[in-house]
**Q** 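Below you'll find the structure I mean.
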Amino acid sequence: MALEIRRAEQSDRDAVAGLLDEAFREDPVSSWVFPDPEHRAAVHGKFLGVFVDVALAEGRIDRAADGSAAALWLRIPAADPGDEPEPDEVPARMRAVADPDNERCELVGRLTGEAHPTAEEHEYLLMIAVAPDRQGEGLGTELIAPVLERCDREGVPAYLEASSERSALLYERLGFEHTGTPVRLPDGPLMWPMWRKPR
């Protein structure tokens, strides 16, 4: 049976943030940002809730009707050549909301922002989460396939940062390619920027 997908609304905000918290609690990047597991349990949901707020306000969230998976998307316009990039306020907001004394909250966003391509308009898969007890069932692929199909029809690329080698392999199967140098978190894990040309 095909996954029933609907667009999340503001009333889904806390459920989506809770799903992200659950799905990424043991992720290498989250474990680097919040090394202490007890502290991570207390603030991780607030940290990822900022992503949810940004996607609800500026993009879209596609959500499995049963709440088992969610994908956060932003349509990023092409930057005008020669323009100075506008400062991204989201990393500072993530730090302020979740853990003001933890500079890693902000640093992870700053470093991925520096690697983010700006020359072409594209769909940015900000995050995708599948409930831990449903991982490996292909829900993530089903959830993002309609957006990738639309990208192909419209001739629009897609972009993401993979936070683990396992997820990078999944994205390669969907047509994403590594853009070059990984993002290296200081004394921490790598993140892999990946770009998908429309087919």
Side-chain angles (χ1 to χ4, degrees), residues 5-76 85-116 123-135 139-140 143-144 159-164 166-167 183-193:
I5 301 170
R6 65 180 184 81
R7 187 163 180 170
E9 300 176 353
Q10 190 62 44
S11 59
D12 300 308
R13 189 259 182 212
D14 291 345
V16 173
L19 174 65
L20 294 178
D21 178 25
E22 185 183 17
F24 286 95
R25 182 82 60 90
E26 303 304 321
D27 182 79
V29 173
S30 292
S31 298
W32 176 81
V33 175
F34 308 106
D36 178 68
E38 285 186 27
H39 183 63
R40 191 183 324 138
V43 300
H44 189 243
K46 295 177 188 173
F47 177 73
L48 296 179
V50 175
F51 285 128
V52 179
D53 294 336
V54 169
L56 284 170
E58 301 174 21
R60 66 181 291 129
I61 299 175
D62 293 328
R63 185 174 184 230
D66 64 4
S68 60
L72 286 62
W73 293 95
L74 297 173
R75 179 66 75 104
I76 306 295
E86 290 186 29
D88 183 359
E89 303 302 327
V90 174
R93 192 182 343 158
M94 294 174 76
R95 179 177 180 175
V97 166
D99 199 3
D101 294 329
N102 182 355
E103 67 180 8
R104 289 182 177 185
C105 287
E106 188 170 347
L107 184 59
V108 66
R110 298 270 178 234
L111 292 174
T112 54
E114 288 170 9
H116 197 131
E123 286 283 355
Y124 175 31
L125 180 58
L126 185 61
M127 296 195 85
I128 182 166
V130 176
D133 63 347
R134 302 289 305 277
Q135 291 176 6
L139 298 181
L143 191 61
I144 65 176
Y159 175 76
L160 56 81
E161 299 105 5
S163 62
S164 71
R166 180 174 167 259
S167 63
V183 173
R184 188 175 297 278
L185 301 176
D187 300 316
L190 300 176
M191 296 181 75
W192 289 268

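The shown structure was predicted, so the numbers you read here are calculated from the model rather than taken from an experiment. Atom set for the values below is all heavy atoms of this structure, side chains included, hydrogens, waters and symmetry mates excluded.
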**Q** Can you confirm whether M94 sits close enough to V108 that some side-chain heavy atom of one is under 4.5 Å from a side-chain heavy atom of the other?
**A**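 No, too far: nothing below the 4.5 Å cut-off.
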**Q** Can you find a heavy atom in the side chain of E26 that is under 4.5 Å from one in the side chain of R40?
**A**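 Result yes, sub-4.5 Å side-chain heavy-atom pair found.
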**Q** What's the separation between atom CZ in R95 and atom CZ in R110, rounded to the nearest 0.5 Å?
**A**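 Reported to 0.5 Å precision, the distance equals 9.5 Å.
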**Q** Enter the distance from L160:CG to S167:OG here, rounded to the nearest 0.5 Å.
**A**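 That separation rounds to 8.0 Å.
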**Q** Do L111 and P186 come close enough that some side-chain heavy atom pair is under 4.5 Å?
**A**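 With C-beta onward as the side chain, the pair touches.
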**Q** Does D99 have any side chain to side chain donor-acceptor pair (under 3.5 Å) partners at least two apart in sequence or in another chain, and if so, which?
**A**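 Per chain and number, D99 pairs via side chain to side chain donor-acceptor pair (under 3.5 Å) with H39, N102.
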**Q** For R134, check side chain to side chain donor-acceptor pair (under 3.5 Å) against everything at least two apart and list the hits.
**A**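 Side chain to side chain donor-acceptor pair (under 3.5 Å) check on R134 returns D66, E137.
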**Q** Which heavy-atom pair separates V130 from A23 by the least distance, and what is that distance?
**A**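 So the minimum-distance heavy-atom pair works out to O-CB, 3.5 Å.
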**Q** Closest heavy-atom contact between E58 and L74?
**A**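 Of all heavy-atom pairs spanning E58 and L74, the closest is C-CD2, 3.9 Å.
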**Q** Counting only N and O atoms by type, is there a donor-acceptor contact under 3.5 Å from the side chain of S30 to the main-chain atoms of D27?
**A**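 Such a contact is absent between S30 side chain and D27 backbone.
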**Q** Other residues, nucleotides and ligands only: do more than 12 of their heavy atoms fall within 6.0 Å of CD on Q135?
**A**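 More than 12 within 6.0 Å, yes.
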**Q** Does a side-chain heavy-atom distance below 4.5 Å link V52 with L72?
**A**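 V52 reaches L72 side chain to side chain.
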**Q** Might you point out which heavy atoms bring A8 and L56 nearest each other, and give the distance in Å?
**A**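 Smallest interatomic distance, heavy atoms only, reads O-CD2, 3.9 Å.
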**Q** Starting at CH2 of W73, measure out to CG of L125 and round the result to the nearest 0.5 Å.
**A**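 Between atom CH2 of W73 and atom CG of L125 there are 4.5 Å.
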**Q** Does this structure show an ion pair linking D12 with R6, if we count only N-O contacts that are shorter than 4.0 Å?
**A**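 Looking at R6 together with D12, the answer is yes, because their closest N to O distance falls below 4.0 Å.
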**Q** Once rounded to the nearest 0.5 Å, what's the spacing between atom CG of L20 and atom CD1 of I128?
**A**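 One gets 10.5 Å once the value is rounded to the nearest 0.5 Å.
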**Q** So, using side chain to side chain donor-acceptor pair (under 3.5 Å) as the criterion, who are the partners of R25 when residues are at least two apart?
**A**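 R25 satisfies side chain to side chain donor-acceptor pair (under 3.5 Å) with D21 only.
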**Q** Ring centroids only, cut at 6.0 angstrom: are Y159 and H116 within range, meaning strictly under it?
**A**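 Yes - the distance between ring centres of Y159 and H116 falls below the 6.0 Å cut-off.
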**Q** For residues I61 and A55, report the shortest heavy-atom separation together with the two atoms involved.
**A**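 Nearest pair, atom of I61 first, then A55: CG1-CB, 3.6 Å.
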**Q** What distance do E123 atom CD and I144 atom CD1 have between them, rounded to the nearest 0.5 Å?
**A**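 Output value for this atom pair is 11.5 Å.
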**Q** Just wondering, do F24 and V29 contact through their side chains at under 4.5 Å, heavy atoms?
**A**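 When only atoms from C-beta onward are counted, F24 and V29 do not touch, as no gap falls below 4.5 Å.
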**Q** Heavy atoms only: give me the nearest S68-L139 pair and the separation to one decimal.
**A**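 Nearest pair, atom of S68 first, then L139: OG-CD1, 3.5 Å.
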**Q** To the nearest 0.5 Å, what is the distance between CZ (R93) and SG (C105)?
**A**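 SG of C105 is found 14.0 Å from CZ of R93.
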**Q** Just jot down the ring-ring contact (aromatic ring centres under 6.0 Å, His included) partners of F34, sequence neighbours excluded, or say none.
**A**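 F34: ring-ring contact (aromatic ring centres under 6.0 Å, His included) contacts with F47.
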**Q** Run the side chain to side chain donor-acceptor pair (under 3.5 Å) test against D62 and tell me which residues pass, sequence neighbours left out.
**A**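 If we apply the side chain to side chain donor-acceptor pair (under 3.5 Å) test to D62, skipping adjacent residues, the hits are R60.
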**Q** What residues, two or more places apart in sequence or in another chain, satisfy salt bridge (Lys or Arg N to Asp or Glu O under 4.0 Å) together with E161?
**A**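 Salt bridge (Lys or Arg N to Asp or Glu O under 4.0 Å) list for E161, sorted by chain: empty.
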**Q** Ignoring hydrogens, what is the shortest heavy-atom contact between S163 and P28? Give both atom names and the distance.
**A**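 It is O-CG, 3.9 Å.
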**Q** Counting only N and O atoms by type, is there a donor-acceptor contact under 3.5 Å from the side chain of R184 to the main-chain atoms of L190?
**A**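 Judged by distance alone, no pair lies under 3.5 Å.
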